[in-house]
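Written below as structure tokens is the structure these notes are about.
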Amino acid sequence: MKFFNFLFSRKFFLKSKGLPKHIAIIMDGNGRWAKKRLLPREAGHVRGVHVVKNVIGLAKKYNINSLTLFAFSTENWTRPKNEVLSLLNLFDKSIDNEKDKIKSNNIKIKFIGDLSSLPSDLQKKITSVERKCKKNNGMQLNIAISYGGRSEIVRAANKFINNAKAKQTISEKLLSKNLDTYGLPEIDLLIRTGGEKRLSNFMLWQLAYSELFFTDALWPDFDESIFTNALYFFQTRKRRFGSLMDI
Ligand code: FPP
């Protein structure tokens, strides 16, 4: 499979100009990857973390400014307790294991989502790694945990209401300012692995004009050839943002 991926890779057709600045990824298929191998679902998530590390390296290699990864959705809380606990544990451990490398690789890290619903120890680790890497000015890495697009928009609207002056009305600009992603560049390219072609409540506001790349590959099988195929796909798109002019 890997050999065929390599053989059909678009890597060699990529141009250095016109790469996406901001890529977001829905990492789907860990459970199915594990099931195929008669392993517990958790084994798929563990393998998924290896791929996360690899993809961060690929994003750096291809000079992507910003990478946003969907690690845990507001809906994922309804999964069996064991799976939820093992995922939270995996995030906790990954921060412990990777924080020094994130810092030394000049990566700026930000966690987005309803972080108040996470265990307090994990919240503390999140704050601490964000602070540790605050002065970094290289690639921006965003991890969405306990994240839902609708929930983010509702939280943003409430933040606005709580700080609004009398009779002030909301606008697109003011709503954007209150989103978790405020200050980050627009998402140019969304990649979803695992064969489904839907957004699953991810970045509903931010994906308005993004290009969408879907692959059947399960997240633990995601590799450089698929990543570069997605970049190539992006470079073949004509982006018009609703106007008649190609941008
Ligand atoms: C979806 O696959 C994947 C998740 C719910 C978890 C994704 C998390 C990781 C890859 C770990 C990320 C870690 C860090 C540190 C960011 P699924 O379980 O829905 O798979 P299925 O569709 O095959 O059941």
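Note that ligands are numbered from 1 as they come in the structure, with each ligand's atoms numbered from 1 the same way. In this chain, residues are counted from 1 in sequence order.
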Query raised in the report: Hydrophobic clusters join Ile, Leu, Val, Met, Phe, Trp and Tyr when side-chain heavy atoms are under 4.5 Å apart, directly or via other members; which others share one with Leu218?
Result: Trp33, Leu39
**Report entry** Contact residues of ligand 1 (heavy atom under 4.0 Å), by chain and number
**Finding:** Met27, Asp28, Gly29, Asn30, Gly31, Arg32, Arg41, His45, Gly48, Val49, Val52, Ala71, Asn76, Arg79, Leu87, Phe91, Ser94, Ile143, Trp219
Query raised in the report: Phe91 vs Phe72 aromatic rings, parallel, tilted or perpendicular, using cut-offs 30° and 60°?
Result: perpendicular
Enumerate donor-acceptor pairs with a distance under 3.5 Å from any side-chain N or O in residues 143-154 to protein atoms, sequence neighbours excluded.
{"residue": "Ser146", "atom": "OG", "partner": "Trp77", "partner atom": "NE1", "Å": "2.9"}
{"residue": "Ser146", "atom": "OG", "partner": "Ser117", "partner atom": "OG", "Å": "2.9"}
{"residue": "Tyr147", "atom": "OH", "partner": "Glu152", "partner atom": "OE1", "Å": "2.5"}
{"residue": "Tyr147", "atom": "OH", "partner": "Met203", "partner atom": "N", "Å": "3.3"}
{"residue": "Glu152", "atom": "OE1", "partner": "Gln206", "partner atom": "NE2", "Å": "3.1"}
{"residue": "Glu152", "atom": "OE2", "partner": "Asp180", "partner atom": "N", "Å": "2.9"}
{"residue": "Glu152", "atom": "OE2", "partner": "Gln206", "partner atom": "NE2", "Å": "3.2"}

Query raised in the report: For the side chain of Ser73 and the backbone of Glu75, is there at least one donor-acceptor N/O pair under 3.5 Å apart?
Result: yes
Query - Pair Lys53 + Glu98: basic N to acidic O under 4.0 Å - result: yes
Report summary line: Taken in chain and number order and not counting sequence neighbours, the residues that satisfy salt bridge (charged side-chain N to carboxylate O under 4.0 Å, His left out) with Asp216 are none
